[in-house]
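Mind having a look at this structure? Questions to follow.
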Amino acid sequence: MLEKVLATAEFIRGKMKTQPKVGIVLGTGLGNLATQITDRTEIPYQEIPNFPISTVEGHSGKLILGKLGGVDILAMQGRFHYYEGYDMKTVTYPIRVMHELGIKTLFLSNAAGGMNPNFEIGELMIINDHINMFPEHPLRGHNEEKWGPRFPDMHEVYTHSLIKRAKKIAKENNIRVMEGVYVGTQGPTFETPAEYVYFRNIGGDAVGMSTVPEAIVAHHMGMQVFGMSIITDLGVPGKIVEVSHEEVQEIGNAQQPKMTLIMTKLIQSL
Ligand code: HPA
């Protein structure tokens with residue numbers, strides 16, 4: 001896999017005019033953050049050697065090199081999900097490539113269901129920890145020592161100093177943000193009422209089908225990680241309503257400017 005990653009990075013480096021400082025993964029309904037990127041070079045996934053191709057509706061599948069708030073970034077519009085049928089090495093492949101390109105900080109975004117009874121629909125949640133419920137681990141198998149240790153410590157996957165700064169930025173801009181634990185699960189089903197209760201009981205505030213594998217792999221390689229969820233539906237007893245992918249996208253889109261603002265200002269502060 002190392003050789004493949006090197007070849008992919010080599011190709012992307014050939015398109016880079018500047019060194020991106022931050023990698024950003026845009027989740028469901030959050031692709032509009034991409035419209036704020038200036039000085040852009042777009043590379044569709046299908047043109048990138050060894051890159052997987054995104055299949056799900058709402059993910060257009062391209063890398064965007066450019067600037068966000070004046071800072072050089074590399075954004076993934078469309079991520080790879082386990083539920084699409086990819087194995088975990090494939091899901092996290094772009095993160096290996098970002099690291100190879102010299103990116104030291106990763107921003108992850110997603111849409112998630114909220115289990116915390118204090119949450120409302122449309123809530124923004126800064127991820128301060130996660131629970132990995134995926135049936136396959138992205139670090140299973142041969143460990144590439146060049147990337148990181150066989151048994152990575154996990155006590156601070158989501159960089160505390162970034163969380164602190166993001167909360168300050170939110171406060172200064174009168175944006176309500178919550179903080180909490182993201183449970184990563186395989187999907188593609190949303191949760192049954194009993195499953196939401198279960199995920200709440202094991203310590204989760206929100207649940208979704210992404211982010212955890214990417215955060216693990218980034219952390220394995222020593223990258224700083226910052227993650228945010230938009231709570232698009234609630235799995236709180238008494239408040240549970242039917243949920244659809246369209247609704248998740250709609251609420252994600254509506255709340256996205258607030259998240260864009262926090263992320264942009266956070267990137268500018270790095
Ligand atoms: N569960 C899992 N994934 C999700 C949800 C949810 O309720 N909402 C958005 N993504």
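Each residue takes its place number in the sequence, starting with 1. Keep in mind it's a predicted model, so treat the numbers as computed, not measured. Both ligands and their constituent atoms are indexed starting at 1 by order of listing.
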Does anything in residues 174-216 pair up under ring-ring contact (aromatic ring centres under 6.0 Å, His included), and if so which pairs, sequence neighbours excluded?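 The answer is none; no pair qualifies.
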With respect to atom 7 (O) of ligand 1, which of Ile240, Ile251, Asp233 exhibits the smallest heavy-atom separation?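 Nearest heavy atom to atom 7 (O) of ligand 1 lies in Asp233.
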Closest approach of any protein heavy atom to atom 1 (N) of ligand 1, naming residue and atom: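 Sorting protein heavy atoms by distance from atom 1 (N) of ligand 1 puts Glu191 OE1, 2.5 Å first.
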Protein contact to atom 3 (N) of ligand 1 [nearest heavy atom, distance to 0.1 Å]: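 Protein heavy atom at minimum distance: Gly208 CA, 3.4 Å.
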Pair Lys67 + Asp72: basic N to acidic O under 4.0 Å: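 Counted as a salt bridge, because a side-chain N and a carboxylate O are separated by less than 4.0 Å.
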Say whether Phe190, considering both its backbone and side-chain N or O atoms, lies within less than 3.5 Å of an N or O atom on ligand 1. no
Contacting atoms of ligand 1, where contact means under 4.0 angstrom from a heavy atom of Ala111: 9 (C), 10 (N)
Per-atom contacts, ligand 1 versus Thr232 - under 4.0 Å to a heavy atom: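 Here the atoms of ligand 1 in question are 8 (N), 9 (C).
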Please confirm whether the backbone N or O of Pro44 pairs with a side-chain atom of Glu47, one donor and one acceptor, at under 3.5 Å? no
Results of side-chain hydrogen bond (donor to acceptor under 3.5 Å, both in side chains) for Thr105 - residues two or more places apart only: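 If we apply the side-chain hydrogen bond (donor to acceptor under 3.5 Å, both in side chains) test to Thr105, skipping adjacent residues, the hits are Gln224.
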Atoms of ligand 1 close to Met209 [distance to a heavy atom under 4.0 angstrom, numbered from 1]: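 Once the distances to Met209 are compared, the set is 2 (C), 3 (N).
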Run the salt-bridge test on Arg200 and Asp205 with the 4.0 Å N-O cut-off and return the result as yes or no. yes
Tell me the protein heavy atom at minimum distance from atom 5 (C) of ligand 1, and give that distance in Å.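 Atom 5 (C) of ligand 1 sits closest to the protein heavy atom Gly113 N, 3.3 Å.
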Examine the side chains of His142 and Arg150 and answer whether a donor and an acceptor come within less than 3.5 Å of each other. no
So for Val243, does at least one of its heavy atoms come nearer than 4.0 angstrom to any atom of ligand 1? no
Aromatic centroids of Phe134 and Tyr83 separated by under 6.0 Å: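 They do not qualify: ring centres at least 6.0 Å apart.
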Within the 4.0 Å heavy-atom shell around Ala112, which atoms of ligand 1 are there?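 Atoms satisfying the 4.0 Å criterion: 5 (C), 8 (N), 9 (C), 10 (N).
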